[in-house]
Amino acid sequence: MSTTNTANLYDVLAERGFVSQATDEKIRERFVRPVTAYIGFDPTADSLHVGNLVPVMALAHLQRCGHKPIAVVGGGTGLVGDPSGKTESRKMLTREDIDHNVRCIGKQIEHFVTFDAPGKNSPTGAVMLNNADWLTELSWVELLRDYGTHFSVNRMLTMDSVKSRLDAESGLTFLEFNYMVMQAVDFLHLYKTHKCTVQMGGQDQWGNIVMGIELGRRIAGAELAGLTFPLVTKSDGGKFGKSESGNVWLDPKRTSPYEFYQFWRNTPDVDVKRYLGFFTFLPIDEVNKLGALQGQEANAAKQMLAYEVTKLVHGQAEADTARDSVQKAFGAAQDVTGEAIPHGDLSEAELGAGIGVIQLLVTAGLAKSNGEAKRLVSAGGVRLHDQPVKDISQQVTADDIRDGYVLIRAGKKRLFRFDVR
RNA sequence: GGGCGGAUGCCAGAGCGGCCAAAUGGGGUGGGCUGUAAACCCACUGGAGAAAUCCUUCGCAGGUUCGAAUCCUGCUCCGCCCA
């Protein structure tokens, strides 16, 4: 079902804001003919988060433009940990953890690209590889003899990722120093086995990508190319992809579709256009049109953004419910009965005796501790069915049941419904 | 192997015997203003408790002291310099 179109991949990526750096100006010409390109993903968790979405979308664009995408999950490199962009060493993961993570991440990527059936190798079918398959086979001596002479330590020391770590207090271990070597070997391996000639990645991967290109040229005489994506930032300087409850994950068990939708719905005005380009497949004209909306109207663009991204990640059905629930809950109707609204059960017996609001806030997950719940109430941020809660010792009783549920709100955007059984 | 310096809350970073649950900034949360935006202003930001107060926290383990994040000893990890 590859919707192959005639657009040049480079143009598509460029107009959507995906291009930060490319190895040469002529990179566009490479995409006139079908190429095979790869992007690596680190298996540091068993789910991707929204921060990983840029490279995932890039893979999808790759396929849509008639190229063959390879997703490399770093089972081997994950054992080492990438020093790029980190101020200190990453925790080392066990092999079992990594294998588990690799499988989970693979499944998530499947939502964005169409994979080749096992054994098949179609021109645009995506392939998922685990670099542990070849990296762990390499012996130390073999590695040094075959590749060691092609890496200049002088050169490696000039790489930003290395330099920053040398300056940093935490320093850089030999293990991490080798990360870029592994990634370079990956690129060479993919060139040899899959005719892969392009590597893409985040801005912080530039150095690693360049190492691979050089290795390919020296060992195989290959003309490889690389392209990096800009770091996604929030205009206010905050970290992208974080919400009150931490990372925003693709896994619905970690971040519900409702929360996921809300995350995008709350995008600052100035970032909407950029995000539409990155995280949706809406035609660029549409992106520009929505992105140009000003003032109150920008909300329409945010709704579209939230809906489209949720649809991509969780499917149309979930996106529909999330959108409808949110609209009802925040619209004039104030209808919070939908299944997508965060909710839980409460027995009538429990209510009969009366439950403290504080406890209710904690069980609802709106506050992490009693103290936090109290602070919320004292700050005037809690409402019970739209009635402000003023007293931290207030009891919730059967009298508070409306239409079979008790609704508690924390702030303007967070709410939780207790269905009374 | 030797010398020196360091390890503090989500992060960065002060404190260097009691006034320290620990300055300040960032982040986060709540309130105000709004449009479920930004900017701005205000408040809060270890846990339990209605509160008094109690408990746990300043790399780890001991010690000195009425009293330690602060002093001493050992250990672990890290940086810098010398070999």
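Chain naming here is simple, since letters A, B, ... match the order of the sequence lines and numbering starts at 1 in each.
As a whole-Å value, the separation of A:Asn266 CG from B:G30 P is 10 Å. Summarising the geometry, the separation between CZ on A:Arg409 and C1' on B:U36 is reported as 11 Å, rounded to the nearest angstrom. Rounding to whole angstrom units, CG of residue A:Asp391 and P of B:A51 are separated by 11 Å. Computed from coordinates, the A:Leu305 CG to B:U36 P distance equals 17 Å when rounded to whole Å. Separating the CG atom of A:Asn299 from the P atom of B:A38 is a distance of 11 Å, rounded to the nearest angstrom. The CZ atom of A:Arg414 sits 14 Å away from the C1' atom of B:G31 (whole-angstrom rounding). When rounded to the nearest whole Å, the span between NZ of A:Lys390 and P of B:G31 equals 14 Å. A:Leu361 places its CG atom 20 Å from the P atom of B:C44, with the value rounded to the nearest Å.
Judged by atom type and distance alone, A:Lys412 reaches the base of B:U34 through a side-chain donor-acceptor pair under 3.5 Å. Put simply, the side chain of A:Asp269 and the base of B:G35 share a donor and an acceptor less than 3.5 Å apart.
Among the protein residues, A:Asn370 comes within range of the sugar-phosphate backbone only, with heavy atoms under 4.0 Å from sugar or phosphate atoms but none that close to a base. At a threshold of 4.0 angstrom between heavy atoms, the contacts of A:Gln262 include nucleobase atoms, whether or not backbone atoms are also involved. A:Ser369 comes within contact range of the sugar-phosphate backbone alone, with a heavy-atom separation under 4.0 Å but no base atom that close. Among the atoms of the strands shown, none is found under 4.0 Å from any heavy atom of A:Val382. Note on A:Arg265: a base of the nucleic acid sits closer than 4.0 angstrom, heavy atoms only. Nucleic acid contact class of A:Ala410 (heavy atoms, under 4.0 Å, all strands): sugar-phosphate only.
Taking OG of A:Ser325 as the reference point, atom CD of A:Gln262 lies at 10.0 Å (rounded to 0.5 Å).
Closest-nucleotide positions on RNA chain B for A:Ile358 and A:Ala298 were compared, and the one nearer the 5' end corresponds to A:Ala298. Place A:Gln294 and A:Leu376 on RNA chain B by their nearest nucleotides, and A:Leu376 ends up nearer the 5' end.
Using the Watson-Crick or G-U wobble rule with both distances under 3.5 Å, B:A7 pairs with B:U76. Across all strands shown, nothing is found opposite B:A38 as a Watson-Crick or G-U wobble partner with both distances under 3.5 Å. The base-pairing partner of B:A14, taking Watson-Crick or G-U wobble contacts with both distances under 3.5 Å, does not exist among the strands shown. Under the Watson-Crick and G-U wobble criteria, each requiring two contacts below 3.5 Å, nucleotide B:U57 is left unpaired.
For A:His61 and A:Phe18, the distance between ring centers is under 6.0 angstrom.
Contact between the side-chain N/O atoms of A:Arg375 and the OP1/OP2 oxygens of B:G47 is found at a separation under 4.0 Å. Distances shorter than 4.0 Å separate some side-chain N or O of A:Lys413 from OP1 or OP2 on B:A37.
Between the side chains of A:Asp391 and A:Gln394, no donor-acceptor pair is found at a separation under 3.5 Å. Counting only N and O atoms by type, the side chains of A:Tyr307 and A:Gln316 include a donor and acceptor under 3.5 Å apart.
Using a 4.0 Å cut-off between charged side-chain N and carboxylate O, A:Asp269 and A:Lys302 make a salt bridge. Between A:Lys311 and A:Glu308 there is a salt bridge, with a side-chain nitrogen of the basic residue lying less than 4.0 Å from a carboxylate oxygen of the acidic one.
When the P atom is used for both B:G63 and B:G2, the distance is 28 Å, rounded to whole Å. For the C1' atoms, the distance linking B:U57 with B:C10 amounts to 14 Å, nearest Å. Across the C1' atoms, B:U24 and B:C72 are found 31 Å apart, a figure rounded to whole Å. A distance of about 27 Å separates the P atoms of B:U65 and B:C4, rounded to the whole Å. To the nearest whole angstrom, the two C1' atoms, one in B:G6 and one in B:C75, are 16 Å apart. Nucleotides B:G26 and B:G13, compared at atom C1', are 11 Å apart to the nearest Å. Atom name P, nucleotides B:C71 and B:C80: the rounded distance is 24 Å, in whole Å. Taking the C1' atom of each, B:G9 and B:G27 are spaced 13 Å apart, rounded to whole Å.
Distances were taken from every side-chain heavy atom of A:Pro268 (C-beta onward) to each of B:A37, B:A50, B:G35; the shortest belongs to B:A37.
Every residue two or more places apart in sequence or in another chain was checked for a salt bridge (Lys or Arg N to Asp or Glu O under 4.0 Å) with A:Asp324, and none qualifies.
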